[in-house]
Amino acid sequence: MTTATAIVAGHALALRRSLPLPNSPGRPTSVSLSARSLPHSRQRMIVPVSPSPRPCRCRSISSESSTAASAAADTAEEEADPENTDVEEGEEVVDPQAEVCYLDPDADPEAIREWELDFCSRPILDARGKKVWELVVCDATLSLQFTRYFPNNAINSVTLRDALASVSEALGVPMPDRVRFFRSQMQTIITRACGELGVKAVPSRRCVSLLLWLEERYEAVYSRHPGFQAGTRPLLALENPFPTTLPENLFGDKWAFVQLPFSAVREEVESLERRYAFGAGLDLDLLGFELDDSTLVPGVAVESSRAKPLAAWMNGLEICAMEADTGRASLILSAGVSTRYIYSGYQKTPAATQEAEAWEAAKKACGGLHFLAIQENLNSDGCVGFWLLLDLPPPPV
């Protein structure tokens, strides 16, 4: 194995190893790896650290251990209080049949240029015994929130177009430049409706606020609706297709598993717009992340002699997650709503498998938080692109 110290925008990253990326057919690799093992004293293991959850407008994101502890505590409380009801003391009672039309009075309507949208059936039956559909719209900060129910015989692009126009009219906000959506099955209807309004429809799983809001609405709204059907599976489940070959323009030279202190991750996100031309962040406060500054967040650093063109191409992919697939001995890149690429393979050895498992464990301990950094050199003092990523389970609806 080779060792190196990668720098992401001035922050030293602890590397476990550098691995060659696949080259396009006919292009020889310029990277070779030494078979020499690292001395034990120099190896840096990725150790999962449990974050401290806190409330947020979506939900708190915590590690598996924190979630399990919380669930155990909830169970103990329920057993101690047999008269405990679904609605906790002090919890706001939500009318499950009411529709939402909200704009934060402190928000600047002109600044809300991107919406997140879901248009799908819910586990609720109407008076006809048919599934109710719902339009849910928000922005990344949840400053804008809108919901509307529809009968299942009124689902088309015209209905959606008119409903989206009514969001703008009801809340007094301009139509956005872009609308993100995460269900590939609705792409035709959503794209057509948005196109007629002059809005760009973007298939993307980077609808983090929307996904968490849907999870919250399932518990607070849908499950309390008189027509709720427990155990109903989502009509349009998220796809998880078999990963395909990486396009030639996305090849890098080599990559490495890396880690960055949470305090440095915050700095990267806060300075993203002024520091890099390419990349994307997440609202860590809204999402409820409260990790110790020293907690190491796992990531992948990619080196490329053509880093800027590579970052530009990656920027158009709507990257949502990276995954270490130990079964395939591959690094998997997920983008858009249903695209998965084999970003790179690696030699399947016990040491490599252990490293990949440790990286995945660290990601899970950080609530799914991880990142992708593109650099001209793994030893350079800055990035060309930086994407903060989040693994989320599919919504319950």
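- Of all the heavy atoms in Leu246 and Leu250, the pair that sits closest is CD2-O, 3.7 Å.
- Note on Leu333: it does not cluster hydrophobically with Val202, by side-chain heavy-atom contacts below 4.5 Å among ILVMFWY residues.
- Note: Phe386 and Phe278 fail the aromatic proximity criterion, with ring centroids not under 6.0 Å apart.
- Taking both residues in full, the closest heavy atoms of Cys207 and Phe181 are given as SG-N, 3.9 Å, listed atom of the first, atom of the second, then distance.
- Taking the six-membered ring for Trp and the full ring otherwise, the centers of Phe146 and Tyr102 sit at least 6.0 Å from each other.
- Of all the heavy atoms in Phe251 and Arg306, the pair that sits closest is O-NH1, 2.6 Å.
- A salt bridge links Glu318 with Arg180: at least one charged nitrogen is closer than 4.0 Å to a carboxylate oxygen.
- The CH2 atom of Trp133 lies 11.0 Å from the OG1 atom of Thr159; values are rounded to the nearest 0.5 Å.
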Report task. Kindly determine whether Arg148 and Val137 satisfy side chain to side chain contact (heavy atoms under 4.5 Å, CB included), including the steps that lead there. Result -> CA-CA 9 Å; Arg148 178 174 293 175; Val137 178; over 6 Å; no

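- Using a cutoff of 4.0 Å between basic side-chain nitrogens and carboxylate oxygens, Arg122 and Asp118 are scored as salt-bridged.
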Query raised in the report: Going through the checks in order, is the side chain to side chain contact (heavy atoms under 4.5 Å, CB included) test met by Phe289 and Leu390?
Result: CA-CA 11 Å; Phe289 280 99; Leu390 181 63; 3.7 Å; yes

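- Nearest heavy atom pair, residue Ala107 against residue Ser143, reads CB-CB, 3.9 Å.
- In this structure, Arg205 does not pair ionically with Asp391, as no charged nitrogen and carboxylate oxygen lie closer than 4.0 Å.
- At a threshold of 4.5 Å between non-hydrogen side-chain atoms, the residues Val297 and Pro261 do not count as touching.
- Tested against Val208, the residues Leu282, Leu389, Leu286, Asp283 include a single side-chain contact (heavy atoms from CB on, under 4.5 Å) partner, Leu282.
- With a 6.0 Å radius and a threshold of 12 heavy atoms from other residues, nucleotides or ligands, Glu196 has its CD atom above the threshold.
- Residue Glu323 forms a salt bridge (charged side-chain N to carboxylate O under 4.0 Å, His left out) with just one option from Lys363, Arg328, Arg340, and that option is Arg340.
- Just one residue in the list Leu310, Leu378, Val384 forms a side-chain contact (heavy atoms from CB on, under 4.5 Å) with Val302, and that residue is Leu310.
- Across all their heavy atoms, Val199 and Pro176 have their closest contact at CG2-O, 3.3 Å.
- Scanning both residues, Asp285 and Arg266, for their nearest heavy atoms gives OD1-NH2, 3.1 Å.
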Report task. Report the C-alpha separation of Glu134 and Tyr222 in whole Å, then their side-chain angles, then the decisive distance to 0.1 Å, and conclude whether the side-chain hydrogen bond (donor to acceptor under 3.5 Å, both in side chains) test is met. Result -> CA-CA 11 Å; Glu134 183 186 42; Tyr222 310 141; 2.3 Å; yes

